[in-house]
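In what follows, chains carry the letters A, B, and so on, assigned in the order in which the sequence lines appear, proteins first and then strands, with residues in each chain numbered from 1. Keep in mind the model is a prediction, meaning the values are calculated, not measured.
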Amino acid sequence: MSNPIKSASAELREILMSALGRLVSEGKIEAVPLPSFNVEIPQDKSHGDFASNIALACAKPLKSAPRKIAELICEALILEGTSFERVEIAGPGFINFFLSRNWFSGVVSVVLFEKEKYGRTDTGAGKSILVEFVSANPTGPMHIGNARGGAIGDGLSSVLDWAGYRVEREFYVNDAGNQIEKFGKSLDLRYCQLCSDDGQALVKQYSDTEALSQAIYNDTEKFPMPEDVYLGADIIVHARNFYSENGADLMNKPEEERKEALVAFALPKNIQKLEDDLRKYRIEYDTWFRESTLHNSGAVSEVIELLKNSGHTYEQEGALWFKSSDFGDEKDRVLVRANGVPTYFVPDIAYHYNKLVTRGFDTAIDILGADHHGYVPRMKAAMEALGIDPNRFNAIIMQMVRLVKDGETYKLSKRSGKAVTLETLLDEVPIDAARYFFNLREANSHFEFDLDLAIEQSAKNPVYYVQYAHARICSIIRNLAAEGFSIRKLSAEQMSVLDSPEEVELIRHIASLPNTVDSAARDYDPSRITRYSQELATLFHKFYDKCRIKGAEEPLLYARLSLCDAVRITLRNTFEILKIDCPEKM
RNA sequence: GCGUCUGUAGCUCAGUUGGAUAGAGCGUCAGACUCCGACUCUGAAGGUCGCAGGUUCGACUCCUGUCAGGCGCACCA
């Protein structure tokens, strides 16, 4: 696993340090503690491939003008045998470095050698990370927010995997507590409605379950529902299916028993549906973790004891409180209500305790909607109270999605039961487009999803643009192979004919994939990868436009063909990270 | 009111630990295929980085204040 940029950068630091060392030993500069300095990639390519502010940083301790120091350093530099061939002093005292041709041709060789592994790094050093995402309530269908969370969570998991972490994907199934109560109550109400005279009349009228459900859903006069239940038509469908299989017998049983039977009937179907929808979205979880297991194993009551023992709880008005304000949370939180029932917070603490202690992951990441952002400080507080480093728990907050079609906003309302579901979205736009679009912007930005653009098959659509680049390369390679020119291994010497600005730019960008993976992993931001792939596609198209491959002189032809293959591999690897199709023809 | 996130070109957005003349796509205008896939490429116009201070060699980036918008602020989850 090599990283051409990182190794060049490290090499450059060495070169600079040894130059300083020589200056000190020759008595040309004073021996002072080395200040921290940068080696970075300038935005403007005319400023070289790397630039260092070392002379500016040394100005103060050496009490000398930055440019003067820069000149001394440059005189002491030894570039022979390194990846660099030239330096320049610029501006207030920056030292700009230019990479050698050998370095550029080396990049292509590395990519052709590492193939599908190119871009992977070992930065994570095998540390384990649990990424929990989507975790939609199993009481109903998934919405657009879950779609964004799914793409980001899965993309982030891939990025972390590529950066050398041991990653597991997890879905937390809220199959216990109040939501399930509410689910049971809703199912029971609908079931009772179906068994009523009005319901029976409709059952006879409609043979189609969907139509029947819609009729009942629409008729709020005959089939009223209280405020605090799920109104969606999917609830009626469950009730209807249960009725079809079991009839009205349950009406003679107590309400609690009915609810239990209905939940036992509907919940597994909903969970299965979540799995199916997410698999269709190309998300495969390592674990579907059930909240109920935390209750059954006693982990929930255990964590209450642990918190009590920590000394950060107190009782007030009959309830048990967690003094989360001890750890910077804005106020304290109730753990156990006056009626003796724990709040949702307790199983959640038990769950995160399970992640970090019981299962021992080094880090746990949650992908959360912005409406849950207030939840982060209290969970960090709970972890700290339990003696866990709160930095091992991280939350990615993602802002709300605005769906736009025909220039207008699609408003999604949970209440109406007519929210845009993940399923609807995937019916409207290709999976590639959905996954790519949701990773176009960083999580923490308000995102506008343009449905028209996602469907459009043109260069305006970024996902088509990048896939087209890949198909185009494959076509070139096919064409040349048909004429007897296949990719062959070239020496550094033969490869060094690639020196036009377009070729150099392209190679430079190819070289930065490992770095991009690292920075995406470091900042938990998979959107770096989509932007990288677009830039790569653009640079390839520019190269293609300027540099002919077919018909070029032979050494150049083979070098350019190798470059094409390197681009193809690099592009394909970014698609692999994002799990989108890699078409060889379109 | 408190907390939190976001304000960068007409629109959608980049800008990696503070660096050199603030970038891209779309849109607009003007161009490029008898030639490897034109689903492509080239060029032009377009900016007080919300506003005001501060920190320093240097600020879109850090700090303070302020304005506008999103999202929260339960013994709901």
| message | I need the NE2-C1' distance between A/H541 and B/G25, as an integer number of Å. | response | 13 Å
| query | Do A/S500 side-chain atoms and A/E503 backbone N/O form a donor-acceptor pair below 3.5 Å? | reply | yes
| Can you check the A/D329 CG to B/G72 P distance for me, whole Å? | 17 Å
| Atom pair distance, as rounded to whole Å: CD in A/E584 and P in B/C39 | 19 Å
| query | CG of A/D452 versus C1' of B/G27: gap in Å, rounded? | reply | 15 Å
Taking only N/O atoms, report every protein-nucleotides 12-20 of chain B pair under 3.5 Å with atom names and distance.
| residue | atom | partner | partner atom | Å |
| --- | --- | --- | --- | --- |
| B/U12 | O2' | A/R441 | NH2 | 3.2 |
| B/C13 | OP1 | A/H446 | O | 3.0 |
| B/C13 | O5' | A/R441 | NE | 3.4 |
| B/C13 | O2' | A/R441 | NH1 | 2.9 |
| B/A14 | O2' | A/R531 | NE | 3.4 |
| B/G15 | O2' | A/Q43 | NE2 | 3.3 |
| B/U16 | O2' | A/R522 | NH2 | 3.1 |
| B/A20 | N6 | A/N96 | OD1 | 2.8 |
| B/A20 | N1 | A/N96 | OD1 | 3.3 |
| B/A20 | N1 | A/N96 | ND2 | 3.3 |

| Which value, in whole Å, describes the distance between the P atoms of nucleotides B/A9 and B/A24? | 14 Å
| remark: Against the side chain of A/H373, the closest entry in B/C36, B/C75, B/U4 is B/U4
| query | With a non-hydrogen cut-off below 4.0 angstrom, is A/C474 in contact with a base, only sugar-phosphate, or nothing? | reply | nothing
| note | Under a 4.0 Å heavy-atom cutoff, the residues of residues 551-569 of chain A touching RNA chain B are none
| query | Looking for any heavy atom pair under 4.0 Å, which part of the strands does A/E181 touch: base, sugar-phosphate only, or nothing? | reply | nothing
| said: Check the orientation of A/Y172 and A/Y351. Use parallel for under 30°, tilted for 30 to 60°, and perpendicular for over 60°. | reply: parallel
| query | For A/K331, which contact category applies under a 4.0 Å heavy-atom criterion: base, sugar-phosphate, or nothing? | reply | sugar-phosphate
| task | Could you check how far NZ of A/K460 sits from C1' of B/C41, rounded to whole Å? | result | 17 Å
| request: To the nearest 0.5 Å, tell me how far A/S475 OG sits from A/L480 CG. | output: 9.0 Å
| With a 4.0 Å cut-off on heavy atoms, is A/A469 in touch with a base, just the backbone sugar-phosphate, or nothing at all? | nothing
| said: So A/Q399, base contact, sugar-phosphate only, or nothing? Heavy-atom distance under 4.0 Å. | reply: base
| request: Round to the nearest Å and state the distance from A/E535 atom CD to B/C41 atom P. | output: 12 Å
| message | Using whole Å, what does the distance between atom P of nucleotide B/C39 and atom CD of A/Q457 come to? | response | 12 Å
| said: Holding to side-chain contact (heavy atoms from CB on, under 4.5 Å), I want the full list of residues that pass it with A/E584, two or more places apart in sequence or in another chain. | reply: A/H470, A/C474, A/R478
| query | Yes or no on salt bridge (charged side-chain N to carboxylate O under 4.0 Å, His left out) for A/K542 and A/E505, after CA distance, side-chain angles and deciding distance? | reply | CA-CA 10 Å; A/K542 287 182 182 186; A/E505 284 284 287; over 6 Å; no
| Is any side-chain N or O of A/K546 closer than 4.0 Å to OP1 or OP2 of B/C41? | no
| said: On RNA chain B, compare the nucleotides closest to A/N178 and A/K542; which residue's is nearer the 5' end? | reply: A/K542
| field | With sequence neighbours excluded, residues passing side-chain contact (heavy atoms from CB on, under 4.5 Å) with A/V39 | value | A/S9, A/L12, A/R13, A/L16, A/F37, A/F50, A/S52
| query | What residues form a side-chain contact (heavy atoms from CB on, under 4.5 Å) with A/P430, not counting sequence neighbours? | reply | A/A433
| said: Distance check needed: B/C75 P versus A/E317 CD, whole Å only. | reply: 10 Å
| said: On the side chain of A/H372, is there an atom forming a donor-acceptor pair with the base of B/G72 - under 3.5 Å, no angle test? | reply: no
| query | Just by distance, do the side chain of A/R148 and the backbone of A/Q399 share a donor-acceptor pair under 3.5 Å? | reply | yes
Give me, pair by pair, the N or O atoms of the protein and of nucleotides 30-34 of chain B that are less than 3.5 Å apart, along with how far apart they are.
none

| query | Can you tell me if the side-chain N/O atoms of A/Y465 get under 4.0 Å from OP1 or OP2 in B/G37? | reply | no
| note | 5'-most contact on RNA chain B (nearest-nucleotide basis), A/N174 vs A/S458, goes to A/S458
| request: Output all residues satisfying salt bridge (Lys or Arg N to Asp or Glu O under 4.0 Å) with A/D348, sequence neighbours left out; order by chain, then residue number. | output: none
| field | Under the side-chain hydrogen bond (donor to acceptor under 3.5 Å, both in side chains) test, residues paired with A/Y465 that sit two or more places apart | value | A/T538
| Can you list the residues that meet the side-chain contact (heavy atoms from CB on, under 4.5 Å) rule with A/A70, with sequence neighbours excluded? | A/A55, A/I89, A/I95
| query | Under 4.0 Å between a side-chain N/O of A/N444 and OP1 or OP2 of B/U6, yes or no? | reply | yes
Side-chain donor/acceptor pairs under 3.5 Å, residues 543-559 of chain A, sequence neighbours excluded:
| residue | atom | partner | partner atom | Å |
| --- | --- | --- | --- | --- |
| A/R548 | NE | A/K550 | O | 3.4 |
| A/K550 | NZ | A/E483 | OE2 | 3.2 |
| A/Y558 | OH | A/R488 | NH2 | 3.2 |

| query | Would you write out the dot-bracket form of RNA chain B, 5' to 3', with Watson-Crick and G-U pairs under 3.5 Å, [ ] for crossing pairs, | for pairs to other strands and . for unpaired bases? | reply | (((((((..((((.....[...)))).(((((.......))))).....(((((..]....))))))))))))....
| A/N3: which of A/T121, A/N515, A/T123 passes side chain to side chain donor-acceptor pair (under 3.5 Å) | A/N515
| task | With C1' as the reference atom in both, quote the distance from B/U12 to B/A30 in angstrom, rounded to an integer. | result | 24 Å
| query | Under 4.0 Å between a side-chain N/O of A/N479 and OP1 or OP2 of B/G37, yes or no? | reply | yes
| said: Within the structure provided, determine whether A/F345 and A/M379 are in side-chain contact (heavy-atom separation under 4.5 Å). | reply: yes
Using residues 436-443 of chain A as the side-chain source, report each donor-acceptor pair under 3.5 Å to any protein atom, sequence neighbours left out, with the distance given to one decimal.
| residue | atom | partner | partner atom | Å |
| --- | --- | --- | --- | --- |
| A/Y436 | OH | A/T530 | O | 3.1 |
| A/Y436 | OH | A/S533 | OG | 2.7 |
| A/N439 | ND2 | A/A151 | O | 3.0 |
| A/N439 | ND2 | A/R435 | O | 3.3 |

| Looking only at atom P, what distance separates B/G43 and B/G25, rounded to whole Å? | 10 Å
| Side-chain (A/N174) to main-chain (A/N137) donor-acceptor, under 3.5 angstrom | no
